[in-house]
Amino acid sequence: MTALGPRPGPRTERLALPGVLSPEQVLRTVEGIAAVQRADGAIPWFRGHHLDPWDHIESAMALDAAGEHERATAAYRWLARHQNPDGSWYAAYPDTPDGVAAADPTDRGRESNFCAYVAVGAWHHYLSTGDDTFLDQIWPTVFAAIEFVLGLQQSGGQIGWRHRADGTVDPDALLTGSSSVYQALRCALAIAEHREEPQPDWELSAGLLGHAIRHHPERFLDKHRYSMDWYYPVLGGAVTGAAAKERIEEGWDRFVVPGLGVRCVSPNPWVTGGESCELALALWAMGESDRAVDILRWIQPTLRAEDGMYWTGYVFEDDAVWPEERTTWTAGSLLLAVAALGGDEATTAVFGGERLPRGLDSDCCA
């Protein structure tokens with residue numbers, strides 16, 4: 001992998017967002033993620049911490065948005081090399097020093113949304129680069145991952161959240177996780193459509209899943225205190241239009257702390273960078289860019305560190321950063337949000353959703 005250049009280039013200038021990030025600040029953030037990436041392509045939360053497939057992909061997508069395509073390619077190659085024979089990945093892998101062989105996974109559970117997200121990353125990378133060879137190479141990885149995930153789909157359309165380490169399946173479904181899977185299914189269908197390899201079973205599964213998210217909250221575990229369950233049906237693309245607007249307005253006062261960001265859990269006095277940036281992405285997808293920019297602006301004073309990375313969260317009652325960790329995925333979610341707001345075509349395609357297949361419409365019959 002090549003080193004990042006010493007000065008902002010056209011890509012970082014495009015990611016700059018007035019009042020939020022300058023080109024120089026964008027470059028510092030990109031450099032921060034790149035500094036954590038290992039020589040084998042893996043991107044842990046921070047050096048010395050574990051990595052998980054979902055956050056690894058989120059960071060790779062941010063690198064693509066910043067034009068660091070070689071680094072992103074290395075991240076996807078790491079995934080392909082570490083995929084299990086059944087199409088899954090383990091939930092957590094330890095960080096190891098560069099040049100040291102990978103250690104045993106620290107969590108041998110296999111989570112459905114972690115595994116599905118490779119489809120989002122792969123389609124985003126292709127749209128960022130136009131690299132057909134990459135898409136040919138990653139397609140078996142995506143195909144196997146989606147097949148594994150759909151093996152966890154329940155009769156009501158929802159996705160069981162975890163294949164346990166002991167080999168049993170937890171059939172309970174999480175609304176956030178299933179919403180992320182819905183986005184991934186649509187990206188997988190886009191790849192299949194591009195390759196002219198239709199997947200009608202995936203289309204049916206996506207339709208059933210979208211219907212469950214929109215109309216059957218009882219099919220998911222009750223996690224209403226978590227802001228992700230509030231905005232993720234919008235971010236994942238299952239809830240759109242007037243229904244999305246109604247959903248966001250209903251939870252706004254419960255989760256949004258004006259001037260600071262988005263609570264992770266209500267009513268805890270803790271705003272987090274990842275949730276704030278993801279809500280900004282959801283707001284952008286709804287056409288509310290002004291509110292999205294406000295959210296991103298609010299988190300800068302408390303969560304941006306001197307090295308350009310972002311603290312995970314801020315406890316405002318104590319005026320304290322907590323936990324004291326600067327995570328690649330928090331920085332990645334920030335870069336993806338500003339990329340969408342700036343009109344980056346690949347990022348708007350996977351998060352805007354207008355050009356993504358929706359699957360078979362099951363609202364009339366499920």
Keeping the roles fixed (side chain from [X], backbone from [Y]), state whether a donor-acceptor pair exists under 3.5 Å.
{"X": "Gln183", "Y": "Ser179", "value": "no"}
{"X": "Asp107", "Y": "Gly109", "value": "yes"}
{"X": "Glu249", "Y": "Arg247", "value": "no"}
{"X": "Trp284", "Y": "Phe351", "value": "no"}
{"X": "His56", "Y": "Ile43", "value": "yes"}
{"X": "Arg186", "Y": "Leu356", "value": "yes"}
{"X": "Glu278", "Y": "Tyr232", "value": "no"}
{"X": "Ser180", "Y": "Asn113", "value": "no"}
{"X": "Thr176", "Y": "Met228", "value": "yes"}
{"X": "Ser178", "Y": "Leu175", "value": "no"}

Item checked: Same cluster (ILVMFWY, side-chain, under 4.5 Å), Val234 and Val120 -> yes

With a 4.0 Å cut-off on N to O distance, would you call [X] and [Y] a salt bridge?
{"X": "Arg110", "Y": "Asp86", "answer": "yes"}
{"X": "Asp307", "Y": "Arg28", "answer": "no"}
{"X": "Arg297", "Y": "Asp294", "answer": "yes"}

Is the number of heavy atoms from other residues, nucleotides or ligands within 6.0 Å of [atom1] ([X]) greater than 12?
{"X": "Arg355", "atom1": "CZ", "value": "no"}
{"X": "Phe316", "atom1": "CZ", "value": "yes"}
{"X": "Glu197", "atom1": "CD", "value": "yes"}

Check: Is NZ or CZ of Arg263 both nearer than 6.0 Å to the six-membered ring centre of Phe255 and within 45° of the ring axis?
Finding: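 No, Arg263 does not sit over the ring of Phe255.
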
